[in-house]
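Only heavy atoms go into these numbers, but all of them, side chains included; no hydrogens, no water, no symmetry mates. Remember, predicted model here, so these are calculated numbers, not experimental data. Throughout, numbering of the chain's residues begins at 1 and tracks the sequence.
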Amino acid sequence: RKSKKRKLETVKVERMADYEADQETAFIVDEVSVIIKESVENSIGVNSYVHSKVDGWTANIVEQTLKKLTALGKPFKYIVSVVILQKVGAGLHTASSCYWDNATDGSCTVRWENKTMYVITSVFGLGI
């Protein structure tokens, strides 16, 4: 009986180790979403839309997002895309399509908004 219990404990430990290893190398959408939101809020904060600031905001969002993603140390090449749209009633339609391995690659898109603008940020993580 004791040997069965030890065997069971060993299996649980191995499964937990596999789960933790997967978490260290997986593209986790919730984790990426938090990084995107933090980058947008740090870059734009409570500012209203100002056309002359859009280039700086987009560059900051991309740079902060990439810096935080690479700091995770996961085996990915990242692509970050940012669109800032002033709220004036205009429509915006976007689409993307990828041919990849669902087991190793992933994507996350976050729409952030305030009273004067929308910020749509997409991250694609391609496993290396």
Side-chain angles (χ1 to χ4, degrees):
R1 223 171 188 191
K2 288 183 181 181
S3 64
K4 285 184 181 181
K5 189 172 184 178
R6 285 187 184 172
K7 199 179 244 186
L8 182 61
E9 287 174 4
T10 303
V11 170
K12 284 182 180 178
V13 169
E14 287 174 1
R15 286 187 184 154
M16 188 57 143
D18 289 345
Y19 173 77
E20 289 171 358
D22 288 346
Q23 294 296 304
E24 290 175 9
T25 60
F27 186 94
I28 302 171
V29 173
D30 291 341
E31 182 177 48
V32 175
S33 178
V34 168
I35 289 172
I36 292 170
K37 289 174 187 172
E38 287 174 354
S39 298
V40 172
E41 289 171 2
N42 289 339
S43 297
I44 296 176
V46 296
N47 288 301
S48 294
Y49 183 90
V50 177
H51 180 74
S52 61
K53 293 185 177 184
V54 171
D55 285 344
W57 289 335
T58 55
N60 275 339
I61 294 166
V62 168
E63 289 168 13
Q64 282 188 39
T65 302
L66 278 173
K67 185 176 181 180
K68 291 176 183 180
L69 288 169
T70 55
L72 295 174
K74 294 190 176 190
F76 290 100
K77 292 181 183 179
Y78 294 104
I79 300 164
V80 180
S81 169
V82 178
V83 173
I84 296 180
L85 178 68
Q86 184 178 14
K87 282 188 178 180
V88 291
L92 173 69
H93 301 271
T94 65
S96 64
S97 178
C98 301
Y99 180 75
W100 62 23
D101 183 349
N102 287 329
T104 58
D105 305 330
S107 69
C108 176
T109 298
V110 172
R111 186 186 85 178
W112 179 94
E113 66 180 283
N114 65 18
K115 291 181 181 180
T116 63
M117 69 184 110
Y118 295 105
V119 180
I120 300 140
T121 307
S122 296
V123 171
F124 299 89
L126 309 172
I128 336 184

For residues 66-80, run the donor-acceptor check on the side chains, cut-off 3.5 Å, and write out each pair with its distance to 0.1 Å, sequence neighbours left out.
{"from": "Thr70", "atom 1": "OG1", "to": "Leu66", "atom 2": "O", "distance (Å)": "2.9"}
{"from": "Thr70", "atom 1": "OG1", "to": "Lys67", "atom 2": "O", "distance (Å)": "3.1"}
{"from": "Lys74", "atom 1": "NZ", "to": "Gln23", "atom 2": "O", "distance (Å)": "3.0"}
{"from": "Lys74", "atom 1": "NZ", "to": "Ala26", "atom 2": "O", "distance (Å)": "2.8"}
{"from": "Lys74", "atom 1": "NZ", "to": "Glu31", "atom 2": "OE1", "distance (Å)": "2.8"}

- Query: According to a 4.5 Å side-chain heavy-atom criterion applied to Ile, Leu, Val, Met, Phe, Trp and Tyr, with indirect links allowed, do Val34 and Ile36 form part of one hydrophobic cluster?
  - Reply: no

Without placing hydrogens or testing angles, list every side-chain donor-acceptor pair under 3.5 Å for residues 51-62, not counting sequence neighbours.
{"from": "Thr58", "atom 1": "OG1", "to": "Val54", "atom 2": "O", "distance (Å)": "3.1"}
{"from": "Thr58", "atom 1": "OG1", "to": "Asp55", "atom 2": "O", "distance (Å)": "2.9"}

Where is the tightest heavy-atom contact between [X] and [Y], given as atom of each residue plus distance?
X	Y	result
Cys108	Val32	CB-CG1, 3.8 Å
Asn114	Thr116	OD1-N, 2.8 Å
Val110	Ser33	CG2-OG, 3.6 Å

- residues 98-127 vs salt bridge (charged side-chain N to carboxylate O under 4.0 Å, His left out), sequence neighbours excluded, gives Lys87-Glu113, Arg111-Glu113

Expected list for residues 38-49: side-chain donor-acceptor pairs under 3.5 angstrom, two or more places apart:
{"from": "Ser39", "atom 1": "OG", "to": "Ile35", "atom 2": "O", "distance (Å)": "3.0"}
{"from": "Ser39", "atom 1": "OG", "to": "Thr65", "atom 2": "N", "distance (Å)": "3.4"}
{"from": "Ser39", "atom 1": "OG", "to": "Thr65", "atom 2": "OG1", "distance (Å)": "3.2"}
{"from": "Asn42", "atom 1": "ND2", "to": "Glu38", "atom 2": "O", "distance (Å)": "3.2"}
{"from": "Ser43", "atom 1": "OG", "to": "Ser39", "atom 2": "O", "distance (Å)": "2.9"}
{"from": "Ser43", "atom 1": "OG", "to": "Gln64", "atom 2": "NE2", "distance (Å)": "3.3"}
{"from": "Asn47", "atom 1": "ND2", "to": "Ile44", "atom 2": "O", "distance (Å)": "2.6"}

Show the atom names and distances, to 0.1 Å, of all donor-acceptor pairs under 3.5 Å that link a side chain in residues 120-128 to residues at least two apart or in another chain.
{"from": "Ser122", "atom 1": "OG", "to": "Thr109", "atom 2": "OG1", "distance (Å)": "2.9"}

Can you give me every donor-acceptor pair (side chain of residues 88-99, partner residue at least two apart or in another chain, under 3.5 Å) with its distance?
none

